[in-house]
Amino acid sequence: MTIRLYDTSARQIRDFTPLKPGCVSIYLCGATVQAAPHIGHIRSGLNFDIMRRWFEYRGYHVTFIRNVTDIDDKIIAKSHEQNRPWWSIGYDNERAFNEGYAALGCLPPTYEPRATGHITEMVEMMQGLIERGHAYAADGNVYFDVRSFPRYLELSRQELDNLLQPSGEGETGKRDPRDFAMWKSAKPGEPTWPTPWGPGRPGWHLECSAMAHKYLGSAFDIHGGGLDLIFPHHENEIAQAKAYGDDFAQYWVHNAWVTMAGDKMSKSLGNSVLVSEMVKQWRPIVLRYYLGTPHYRSMIEYSEESLREAESAFARIEGFVQRVTELAGETVEPSAEVPPAFAEAMDDDLGVPQALAVVHTTVRQGNSALAADDKEAAVARLAEVRAMLGVLGLDPLDPHWAGESGDRGEDLNGVVDSLVRLVLDQRESARARKDWATADAIRDQLQQSGLVIEDSPQGPRWSLGPR
């Protein structure tokens with residue numbers, strides 16, 4: 001089956017046809033590094049990480065670009081507030097973003113360009129747009145003339161006459177209030193770079209048009225980002241790139257937000273949940289399950305209850321993986337292919353919820369095989385489960401997650417295991433003498449302590465239960 005994706009520009013799901021057979025080029029608007037990331041920021045990276053993994057599973061060679069906006073109005077404002085160099089704030093937060101992506105199992109991008117490293121490319125693009133009559137310089141600023149580009153607003157489907165274009169301080173000399181700044185003139189205390197029109201710094205939209213052209217050429221397959229970027233950011237990117245002569249992106253894919261009380265999670269609303277804090281409270285693989293398994297176009301309403309539900313759901317998968325691995329006595333390798341129903345769901349606009357249903361069905365089948373003492377069938381189901389989890393970046397046996405339990409007290413694991421085993425031996429003795437009341441009381445007390453006790457053919461086993 002052909003992979004199909006919802007294209008925002010077409011407002012429909014389209015068959016994916018790459019510009020170059022066997023290859024996929026993706027540009028994702030990455031971090032603006034004025035502050036550390038919350039889980040809403042990381043969701044976008046996770047969604048496109050799953051997209052990338054699925055393309056690679058389908059045999060494509062993927063070039064994945066995720067940029068870093070390391071200079072903008074908010075970074076400069078933070079620099080003044082904190083009395084720190086702008087680049088220091090940007091670098092610290094860039095590291096925090098990368099740590100967040102890595103903690104949640106995102107593969108590193110092919111390239112991760114910074115805006116400030118591509119001033120030359122931005123100047124070249126502005127020169128070309130001025131020469132073509134699509135841009136003009138005024139008071140040290142450079143503006144894009146929106147009326148010179150008839151296809152402006154095709155992505156967001158707004159009417160130009162009704163447009164309220166965001167405008168920043170010092171943006172003087174506009175011919176039309178709806179024109180947007182590509183370059184901002186120098187202001188006291190701000191970082192600047194030299195240009196033919198005077199010193200200044202880049203506008204947000206110009207950065208991505210120039211970097212996409214640099215790393216993916218005049219045309220590429222997929223441009224991604226959050227819904228909030230459709231206007232003005234992506235609309236303005238399109239105008240700059242296409243007026244410059246590029247075909248630019250063939251598909252526009254946008255992920256939905258993580259919300260709290262119905263509002264988009266954001267720093268300005270004060271409702272953000274920092275990744276650095278979340279990974280102290282929840283296992284990163286559980287956070288990945290929580291953020292990555294809803295459909296990428298569906299909103300996620302944040303709550304601790306929904307996180308606990310995700311933790312319980314993943315625990316059922318993980319418990320099956322552990323039980324069969326112990327039964328097999330060795331690592332069961334993932335199967336070469338995922339089940340057809342899983343592939344069909346992923347091909348249909350990355351239908352992760354439907355694909356995940358296949359995972360849980362396969363786990364139930366595997367558990368039935370375990371109950372029937374059918375080792376061969378249980379191992380076969382585990383191989384399928386590992387293949388599917390690998391695509392989703394959720395395989396607990398993957399080396400990336402191997403040391404994760406250390407965040408929950410790996411140094412005490414052996415001590416706890418010995419103590420629990422001692423209590424379980426007492427329970428087994430009670431069962432042997434048919435003292436069922438004592439055996440049940442021991443089990444119930446362990447469960448009240450947060451442990452889950454399972455009786456298996458190989459004897460009782462314990463695990464940490466959901467919080």
Give the intermediate values and the outcome of side-chain contact (heavy atoms from CB on, under 4.5 Å) for residues N67 and Y215. CA-CA 10 Å; N67 78 292; Y215 291 93; over 6 Å; no

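- In the displayed structure, Q445 atom CD is contacted under 6.0 Å by at most 12 heavy atoms of other residues, nucleotides or ligands.
- Residues that satisfy the ring pair (Phe, Tyr, Trp, His ring centres under 6.0 Å) test with Y27, not counting sequence neighbours, are H223.
- For Q322, the side-chain contact (heavy atoms from CB on, under 4.5 Å) criterion is met by E318, R461, not counting sequence neighbours.
- Take D435 and apply the side-chain contact (heavy atoms from CB on, under 4.5 Å) test, not counting sequence neighbours, and it matches A430, R433, A437, T438.
- D49 pairs by the side chain to side chain donor-acceptor pair (under 3.5 Å) definition with R53, R288, not counting sequence neighbours.
- Sorted by first and then second residue, the salt bridge (Lys or Arg N to Asp or Glu O under 4.0 Å) pairs with a member in residues 84-101 read R84-D92, E94-R114; sequence neighbours excluded.
- With sequence neighbours left out, E304 forms a salt bridge (charged side-chain N to carboxylate O under 4.0 Å, His left out) with R308.
- Residues that satisfy the side-chain contact (heavy atoms from CB on, under 4.5 Å) test with E376, not counting sequence neighbours, are D374.
- The aromatic rings of Y290 and Y302 stand perpendicular to each other, their planes meeting at an angle above 60°, with 30° marking the opposite boundary.
- Within the structure, ring pair (Phe, Tyr, Trp, His ring centres under 6.0 Å) pairs that include any residue of residues 46-75 comprise F16-F55, W54-Y57, F55-Y60 (at least two apart or interchain).
- The aromatic rings of W252 and H254 sit parallel to each other, their planes meeting at less than 30°, with 60° as the upper class boundary.
- Taking Y244 as the reference, H213 meet the ring pair (Phe, Tyr, Trp, His ring centres under 6.0 Å) condition, with sequence neighbours excluded.
- Residues meeting the side-chain contact (heavy atoms from CB on, under 4.5 Å) test with A355, sequence neighbours left out: F342, A345, M346.
- H295 is linked by a ring pair (Phe, Tyr, Trp, His ring centres under 6.0 Å) to nothing, counting only residues two or more places apart in sequence or in another chain.
- Side-chain polar atoms of N367 and R323 form a donor-acceptor pair below 3.5 angstrom.
- The aromatic rings of F97 and Y101 sit tilted relative to each other, their planes meeting at an angle between 30° and 60°.
- Residue pairs that meet the salt bridge (Lys or Arg N to Asp or Glu O under 4.0 Å) test with at least one member in residues 220-249, sequence neighbours left out, are D228-K264.
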